[in-house]
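Encoded as structure tokens, the structure appears first; notes follow it.
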Amino acid sequence: MKRKLYTLWMLLYLGVLTLTAQEKNGKVNIWEGIDCHRIVEMIPYLAPGHNNVAVVVCPGGSYFWHDMEAEGKAVGEWLQKYGISAFVLHYRTAGFWAYFTHYRYIFRGNRYPDALNDLHQAMRYIKEHSQRYGINPDSLGAMGFSAGGHLVMSAGELLQPKERPAFIAPIYPVVTMVDKCVHKRSRRALLGDRRKNNRQLRDSLSLELHVPDDCPPVFLVNCQDDPIVKCHNSELLDSALTVHHVDHRYIQYKTGGHGFGATDYKGTAECRQWKDEFLIWLRGLTR
């Protein structure tokens, strides 16, 4: 009996050591043990305690690259500070080379559904390790910025109901792939050079067209003066959520532009209020 208890203790201890090493390294490969050729890294920002609410954070970058500072590290540290465990995901993007060369006319490169598959796997990974991470697997949400906002909202629409995030926070998101307000750079990166004009694919990834009635609760934010992703993107999503009676909060600020993330210096004092508003909304949701 003592030997069994000792063995169990050692296994738990080694598991903690492994997790601690990953966290010190700051990176976890979500595909480890599943696909030895695929490396997609995730950085945990664990809040103290147990049974915590958790959020997968998807930085923006037009599906070509990532803003790992304002929309990654700053978000993780902010959520962690308020008792919410965050996992910043370095999901697959098309990359700088694809942006400059259009090589994906010939080679596949990274494109849809790669990023969605990464987010899906990240949520599975976190839930599988929920006890060691000290989180509630039923309270795992997703927050994304710009193209990352499109990604997290796609998870709420396209994944099976049991595999969707518990809540979704698209912040100044890319939404449509068909309306005249489309962010063309994100569309090109997501669909790929050869497929960017495919009407059926554009329709299938236009979020305003596919909101399910059982969509998870949504916290949506953007600014009227956004010079990059036109504000009508979020207005389209808000209208679709309203039509389908989805529990959601939509805040549109007059000023703030784009790309302010969770910083205390980008954007305007007005738009930076979104962080407090999100915490209030989340507390009401998980109460």
Side-chain angles (χ1 to χ4, degrees), residues 58 60-65 91-95 98-99 102-121 123 142-165 167-222 226 228-248 250 252 258:
C58 295
S62 304
Y63 278 118
F64 271 113
W65 42 75
Y91 58 91
R92 280 172 287 172
T93 58
Y99 175 72
H102 299 261
Y103 79 89
R104 291 181 305 158
Y105 275 115
I106 302 171
F107 302 102
R108 181 189 186 280
N110 289 335
R111 65 186 191 192
Y112 176 80
D114 295 343
L116 182 58
N117 288 341
D118 291 341
L119 175 53
H120 192 189
Q121 173 59 19
M123 291 191 293
M143 175 182 289
F145 300 80
S146 193
H150 182 276
L151 177 56
V152 297
M153 196 64 213
S154 296
E157 294 185 0
L158 303 179
L159 297 183
Q160 293 298 314
K162 290 184 179 180
E163 299 188 329
R164 294 171 187 163
F167 56 87
I168 308 166
I171 312 301
Y172 44 82
V174 173
V175 171
T176 188
M177 296 287 147
V178 296
D179 193 88
K180 62 182 180 180
C181 67
V182 62
H183 187 242
K184 293 181 180 179
R185 185 168 66 231
S186 292
R187 182 171 65 187
R188 177 191 156 214
L190 179 63
L191 274 59
D193 291 302
R194 281 193 299 173
R195 306 188 304 172
K196 68 178 185 293
N197 294 320
N198 184 308
R199 183 71 188 189
Q200 184 177 359
L201 193 57
R202 286 183 176 187
D203 287 346
S204 68
L205 295 175
S206 291
L207 302 177
E208 75 276 17
L209 303 179
H210 301 285
V211 172
D213 292 334
D214 59 350
C215 182
V218 175
F219 180 87
L220 174 63
V221 169
N222 78 321
D226 191 328
I228 298 175
V229 177
K230 295 178 182 178
C231 65
H232 192 50
N233 276 262
S234 289
E235 293 167 354
L236 286 171
L237 181 56
D238 171 53
S239 296
L241 292 168
T242 301
V243 167
H244 289 272
H245 307 288
V246 174
D247 180 11
H248 73 289
Y250 176 40
Q252 185 180 87
H258 191 86

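- Smallest separation of non-hydrogen atoms from S234 and L220: O-CD2, 3.5 Å.
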- Intermediate values then yes/no, side chain to side chain contact (heavy atoms under 4.5 Å, CB included), F145 and C58: CA-CA 7 Å; F145 300 80; C58 295; over 6 Å; no
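- Side chains of W65 and Y99 form a contact here, defined as non-hydrogen atoms less than 4.5 Å apart.
- Looking at S146 and P173, their side chains never come closer than 4.5 Å, going by heavy atoms from C-beta outward.
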- Item | side chain to side chain contact (heavy atoms under 4.5 Å, CB included) between C215 and M153, worked out | CA-CA 9 Å; C215 182; M153 196 64 213; 3.6 Å; yes
- Message: salt bridge (Lys or Arg N to Asp or Glu O under 4.0 Å) for R111 and D193? Distances and angles first, verdict last.
- Response: CA-CA 9 Å; R111 65 186 191 192; D193 291 302; over 6 Å; no
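- Atom NE2 of H210 is separated from atom CG of L158 by 7.5 Å, given to the nearest 0.5 angstrom.
- For the pair S186 (side chain) and A147 (backbone), a donor-acceptor distance under 3.5 Å is absent.
- Here the options are R92, R188, H150, the test is side-chain hydrogen bond (donor to acceptor under 3.5 Å, both in side chains), and the partner is Y63; only H150 passes.
- Taken from NE2 in H248 to CG in L241, the straight-line distance is 5.0 Å, to the nearest 0.5 Å.
- Residue L201 holds its CG atom at 9.5 Å from OG of S206, rounded to the nearest 0.5 Å.
- A pairwise comparison of heavy atoms in V178 and E208 identifies CG2-OE2, 3.8 Å as the closest pair.
- The shortest heavy-atom contact between D114 and G109 is OD2-O, 4.0 Å.
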- List the steps and the verdict of side chain to side chain contact (heavy atoms under 4.5 Å, CB included) for I168 and M143. CA-CA 6 Å; I168 308 166; M143 175 182 289; over 6 Å; no
- Message: For R104 and R195: C-alpha separation, side-chain torsions, deciding distance, then whether side chain to side chain contact (heavy atoms under 4.5 Å, CB included) applies.
- Response: CA-CA 10 Å; R104 291 181 305 158; R195 306 188 304 172; over 6 Å; no
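- Between L207 and E157, some side-chain heavy-atom pair lies under the 4.5 Å cut-off.
- The CD1 atom of I228 sits 7.5 Å away from the OG atom of S62 when rounded to the nearest 0.5 Å.
- Side-chain contact between V152 and P165: absent, with no pair of heavy atoms (C-beta onward) separated by less than 4.5 Å.
- Remark: side-chain polar atoms of D247 are not paired, donor with acceptor, to backbone N or O of P217 under 3.5 angstrom.
- Contact annotation: the side chain of D214 approaches that of R164 to within less than 4.5 Å [non-hydrogen atoms, C-beta and beyond].
- Contact check for V211 versus L237: side-chain heavy atoms found under the 4.5 Å cut-off.
- Remark: T176 OG1 to L209 CG distance equals 6.5 Å, nearest 0.5 Å.
- A donor-acceptor distance shorter than 3.5 angstrom exists from the side chain of N110 to the backbone of T93, with no hydrogens or angles considered.
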- Query: Can D179 and K230 be said to form a salt bridge (Lys or Arg N to Asp or Glu O under 4.0 Å), step by step?
  - Reply: CA-CA 11 Å; D179 193 88; K230 295 178 182 178; over 6 Å; no
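- When side chains are defined from C-beta on, F64 counts as touching R185, because their heavy atoms get closer than 4.5 Å.
- Taken to the nearest 0.5 Å, the OH atom of Y112 stands 5.0 Å off from the CG atom of L205.
- H102 and Y105 have parallel rings, their planes meeting at less than 30° on a 0 to 90° scale where 60° marks the start of perpendicular.
- Using modelled atom types and a 3.5 Å distance limit, the side chains of N233 and Y172 yield no donor-acceptor pair.
- When side chains are defined from C-beta on, V221 does not count as touching Y250, because their heavy atoms never get closer than 4.5 Å.
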